[in-house]
Amino acid sequence: MSKEEKKQFKKIKKFKKQKLKEKKEFYNYRYWREIQRNQLGVSANLYFIFTSAIFSYILNFLIEKNNILFYQEKFFLITSLIFLIISLIFYSIFTENRLQDFRDTANYIDKGLDYDEIRKLTESIGKRSWNLYDKQRCFLILGFGFSLIGFLLYIF
């Protein structure tokens, strides 16, 4: 192999090494975790607002129209309220869990642990946050579905 070929080979090797480093940085756990954490919080807050609005509207509707509603309509609307309350409870627990995750992470950083150790130590809290988020969303969908059925029965 000539000197020129060796030089080219070294350049290619260096280029590949640089690309690998850039790829690792792009898929860096900390970077994506921050984005994921922000999106999770925003979407959970939107679900909370949506749940609160539906809950308030149904409650107001039931109070105002109580005398003219049939049993089936009341059943679906009250069931909807129950599901929405459960969704709000899961939102509260989810928020507390996320705050605990932030506190734990800050404590681990203060102790000087590296990011891999922190990730391993906070992994169960993160999984619990996603589980609570999924339950919040599920009960919101159920509550919304039951409210739609109740209102459709009222309208038709």
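Because the structure is predicted, anything quoted here is derived from the model rather than measured.
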Gln36 backbone acceptor or donor facing Gln39 side chain under 3.5 Å: no
Looking only at heavy atoms, what is the nearest atom pair of [X] and [Y], with distance?
X: Glu73; Y: Ile68; result: OE1-O, 4.4 Å
X: Ile54; Y: Ser147; result: CG2-OG, 4.3 Å
X: Ile125; Y: Gln100; result: CD1-CG, 4.4 Å
X: Leu121; Y: Leu113; result: CD1-CD1, 3.6 Å
X: Ser80; Y: Gly143; result: OG-O, 2.5 Å

Check: Leu69 and Phe61 side chains under 4.5 Å, non-hydrogen atoms: yes
Heavy-atom side-chain proximity of Lys13 to Lys17 below 4.5 angstrom: no
Verify same cluster id: Ile78, Ile155 (apolar side-chain graph, 4.5 Å): yes
ILVMFWY cluster, Ile63 and Leu77 together (side-chain gap under 4.5 Å): yes
Members besides Val42 in its Ile/Leu/Val/Met/Phe/Trp/Tyr cluster (side-chain heavy atoms under 4.5 Å): Leu46
ILVMFWY cluster membership beyond Phe70 - transitive side-chain contacts under 4.5 angstrom: none
Trace of the side-chain contact (heavy atoms from CB on, under 4.5 Å) decision for Gln18 with Lys14: CA-CA 6 Å; Gln18 180 64 29; Lys14 186 177 179 181; 5.7 Å; no
Distance check, rounded to the nearest 0.5 Å: [X] atom [atom1] versus [Y] atom [atom2]?
X: Leu59; Y: Phe55; atom1: CG; atom2: CZ; answer: 5.0 Å
X: Ile141; Y: Phe50; atom1: CD1; atom2: CZ; answer: 10.0 Å
X: Asp110; Y: Thr105; atom1: CG; atom2: OG1; answer: 11.0 Å
X: Lys74; Y: Leu81; atom1: NZ; atom2: CG; answer: 13.0 Å
X: Ile82; Y: Leu142; atom1: CD1; atom2: CG; answer: 12.0 Å
X: Lys10; Y: Lys6; atom1: NZ; atom2: NZ; answer: 8.0 Å

Phe144 and Thr51: CA distance, side-chain angles, deciding distance, side-chain contact (heavy atoms from CB on, under 4.5 Å) verdict: CA-CA 8 Å; Phe144 183 68; Thr51 302; over 6 Å; no
Ion pair Arg98/Asp101, N-O distance below 4.0 Å: no
Counting only pairs under 3.5 Å, give me each side-chain donor-acceptor contact of residues 84-95, with atom names and distances, residues two or more places apart or in other chains.
residue, atom, partner, partner atom, Å
Ser87, OG, Gln136, O, 2.9
Tyr91, OH, Asn45, OD1, 2.5
Ser92, OG, Leu88, O, 3.2
Thr95, OG1, Tyr91, O, 2.9

Crowding at CD, Glu96 (>12 non-hydrogen neighbours, <6.0 Å): no
Crowding at OH, Tyr57 (>12 non-hydrogen neighbours, <6.0 Å): no
Whether Phe139 and Phe83 hold their rings parallel, tilted or perpendicular, with breakpoints at 30° and 60°: tilted
